[in-house]
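Heads up: the structure comes next, in structure tokens.
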Number of protein chains: 2
Amino acid sequence: MTSPVEMDIKKESRNYLDHISLDCVVFGFHSNQLKVLVLHMKKTGEWVLPGGFVYEDESIEVAANRVLKVRTGLDQIFLRQFNVFSDPQRSNRNPTVADLLMSGQDHPEASWFNQRFISVGFYALVEYSQVQPQPDELSDICEWVNLDKIGKLMMDHNAILNKALETLRLQLTFQPIGYNLLPEKFTMSELRKLYETIFGKELDRRNFQRKMLAYDILSRLDEVRQGVAHKSPGLYKFNLESYQKALDEGLNGKW
Amino acid sequence: MTSPVEMDIKKESRNYLDHISLDCVVFGFHSNQLKVLVLHMKKTGEWVLPGGFVYEDESIEVAANRVLKVRTGLDQIFLRQFNVFSDPQRSNRNPTVADLLMSGQDHPEASWFNQRFISVGFYALVEYSQVQPQPDELSDICEWVNLDKIGKLMMDHNAILNKALETLRLQLTFQPIGYNLLPEKFTMSELRKLYETIFGKELDRRNFQRKMLAYDILSRLDEVRQGVAHKSPGLYKFNLESYQKALDEGLNGKW
DNA sequence: GCAAAAGTGTTGTAGCTACACCCATGG
DNA sequence: CCATGGGTGTAGCTACAACACTTTTGC
């Protein structure tokens, strides 16, 4: 399940839709590591993906953006829905959702959380350094965790994470990725390390550079990274126009 | 929205979940045409995609399979969810859903249909000749319509159809398609015509054959199609084992 | 025999892999 | 001056598009 942004549902003038939640796999990249944003629940000590519910007057995309704005401080995040998780048993475990979230079963909202939720999975790509992780009322920690250090998550959140990662890898083979994960200016090595991390394997330094440049989505700047050991690498930025075009039309596979 | 399989919701021992529906874009292939299964509503004369609702104790995939079993007579259909449609205004039009579905506003279930629905879009690939289209209580026609003959559909169903088609085309570039759309035995021309129809452009007859055979998902049979003009074409069938492998691992784009 | 479709062969090219090689920089 | 990473060049291979050519069948 999800960590609601506001707990006082009934006091809000806007109501949440029953049965529908969303969960976000927020990817960031730092020191050559792919990281995921997770929350640590106060009461049970379980780790969960950031998530939330949908107001009666908003689309699920707007809801996901709203949730992530609170959790990261960022607006207009790169967000893609990738799967709906609807196993009837997914929110039906011991301890129950309400047990985990509420301070006691006598809490008036406990039964609301005990309903069955169908969750729409989103993945988000964000620039690590721009994010200010914010826990909510139910959690004491909101932080980046290395992908390979993620342990057992609440409910089916491990399955959600795995499916997001699978989708991200698939996207990477026919769409550009990087604009949302890297700072504005970056070296070719940094971009390559990102690709290597997502794919989980090494790529040839020289061929990667040529292939990437051939896509024609990068602009080489008249700057180099200073203060680094060895030869100063050139800096690049994405050419937003052709980057967007590549997103829309795909990179290879033309038939 | 959707055409419910049963109308007497409250009389059922199983209840539908509020706010959640599903819509299916069912693709078939016949006489070199891509076709879509649509229903014609008795009361308003509008055309709609087959759809339904989710029981409290089933996953959305099971619900979609159940709906299509009633509509086509087929079970275990190739079914993929591709997008969630959640615009708050999508079920909020004139005439309203309840107007269209119920015989009058005084009908006891009218208000249930008037709630906001978030719809999970599925696309299905089926073998045309195996399908027995079945209308429901609210529709007088359930039939195949050529993709290029589809007119205005109810609500946002045209958008759902377009997104399904877009997804299908994308899938086609890196996954095999055909097993679910063609009869067991088929000629290379028939398979090529299917690809040409989905892509909406002609493909080189000779290169297509080589490329397809190189994928190693076809078995050439010791049979030819008889009674056809000109040279008898050889028949093929899919090699299910490698076909499934290609589905899982993808065909090209390796990095 | 001839038109039309099936089936196989060939050639040029683009893109990729796998390297070798040189360059720039910090220690 | 040397270790390390940055940048460019190139040979060989593979995949594929764009064809020519041959084979088979119905009329």
Side-chain angles (χ1 to χ4, degrees), chain A residues 31-32 172-176 178 182-183 185-197 199 201-237 242 246 249-255, chain B residues 31-32 172-176 178 182 185-197 199-237 242 246 249-255:
Chain A
S31 60
N32 294 341
L172 200 50
T173 61
F174 60 95
Q175 283 195 335
L182 293 173
K185 301 173 182 180
F186 52 89
T187 68
M188 193 59 82
S189 273
E190 289 163 356
L191 180 59
R192 177 172 48 86
K193 290 277 169 54
L194 171 62
Y195 272 68
E196 290 179 337
T197 307
F199 279 133
K201 68 174 178 183
E202 289 198 358
L203 301 171
D204 184 278
R205 175 180 67 86
R206 296 150 290 188
N207 294 331
F208 178 85
Q209 174 142 345
R210 246 189 306 273
K211 187 167 180 173
M212 214 63 213
L213 290 176
Y215 286 153
D216 207 35
I217 56 172
L218 296 178
S219 299
R220 171 98 187 226
L221 304 173
D222 283 336
E223 293 177 70
V224 291
R225 169 127 318 156
Q226 306 279 2
V228 69
H230 319 302
K231 181 170 180 178
S232 303
L235 288 173
Y236 295 84
K237 67 181 178 71
S242 41
E249 299 174 10
L251 288 175
N252 5 351
K254 39 174 179 285
W255 273 87
Chain B
S31 60
N32 294 340
L172 200 50
T173 62
F174 60 94
Q175 283 196 333
L182 293 173
K185 302 172 181 180
F186 51 88
T187 67
M188 193 60 82
S189 272
E190 288 163 356
L191 180 59
R192 177 173 48 87
K193 290 275 169 52
L194 170 62
Y195 272 69
E196 289 179 338
T197 306
F199 279 133
K201 70 173 175 184
E202 289 197 359
L203 301 171
D204 184 279
R205 176 179 66 86
R206 298 152 289 190
N207 294 331
F208 178 84
Q209 175 143 344
R210 246 190 307 273
K211 187 167 181 174
M212 215 61 213
L213 290 175
Y215 286 154
D216 208 33
I217 56 173
L218 296 179
S219 299
R220 172 95 186 230
L221 304 174
D222 282 337
E223 294 178 68
V224 291
R225 170 129 314 161
Q226 305 281 4
V228 68
H230 318 303
K231 183 172 180 177
S232 303
L235 288 173
Y236 295 85
K237 68 181 179 68
S242 42
E249 299 174 10
L251 288 174
N252 9 349
K254 40 169 177 281
W255 273 90

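Letters A, B, ... are given to chains in the order of the sequence lines, protein chains preceding strands, and every chain is numbered from 1.
Take B:R205 and apply the side chain to side chain contact (heavy atoms under 4.5 Å, CB included) test, not counting sequence neighbours, and it matches B:R192. Looking at residues two or more places apart in sequence or on another chain, you find a side chain to side chain contact (heavy atoms under 4.5 Å, CB included) between B:N207 and B:D204, B:R210.
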Residues 218-226 of chain B, side-chain donor-acceptor partners within the protein, below 3.5 Å, at least two apart:
from, atom 1, to, atom 2, distance (Å)
B:R220, NH1, B:Y236, OH, 3.2
B:E223, OE2, B:K185, NZ, 2.9
B:R225, NH1, B:E190, OE1, 3.4
B:R225, NH1, B:E190, OE2, 2.4

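Taking the side chain as every heavy atom from C-beta outward, A:L213 and A:M188 approach each other to under 4.5 Å. Side-chain contact between A:Y195 and A:M212 is present, with at least one heavy-atom pair separated by less than 4.5 Å.
If you measure from atom CD of B:Q226 to atom C1' of C:dA6, you get 14 Å, rounded to the nearest angstrom. Whole-Å rounding puts the A:D204 CG to D:dT10 C1' distance at 13 Å. Rounded to whole Å, atom P of C:dG12 lies 16 Å from atom CG of B:N207. One interatomic measurement links the two molecules: CG of B:L221 to C1' of C:dA6, which rounds to 16 Å at whole-angstrom precision. Rounded to an integer number of Å, the gap from B:E190 CD to C:dG7 P is 11 Å. When rounded to the nearest whole Å, the span between CG of A:L203 and P of C:dC16 equals 13 Å. As rounded to whole Å, 15 Å separates atom C1' of D:dA17 from atom CD of B:E202.
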N/O to N/O distances under 3.5 Å, protein versus nucleotides 4-8 of chain D:
from, atom 1, to, atom 2, distance (Å)
D:dT4, O2, A:H230, ND1, 3.0
D:dG6, OP1, A:S189, OG, 2.7
D:dG6, OP2, A:S189, OG, 3.2
D:dG6, N7, A:R205, NH1, 3.4
D:dG7, OP1, A:R220, NH2, 3.2
D:dG7, OP1, A:G234, N, 2.8
D:dG7, N7, A:R205, NH1, 2.6
D:dG7, O6, A:R205, NH2, 2.8

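Scanning all heavy atoms of the two residues, the minimum distance from B:S242 to B:D216 falls at OG-O, 3.1 Å.
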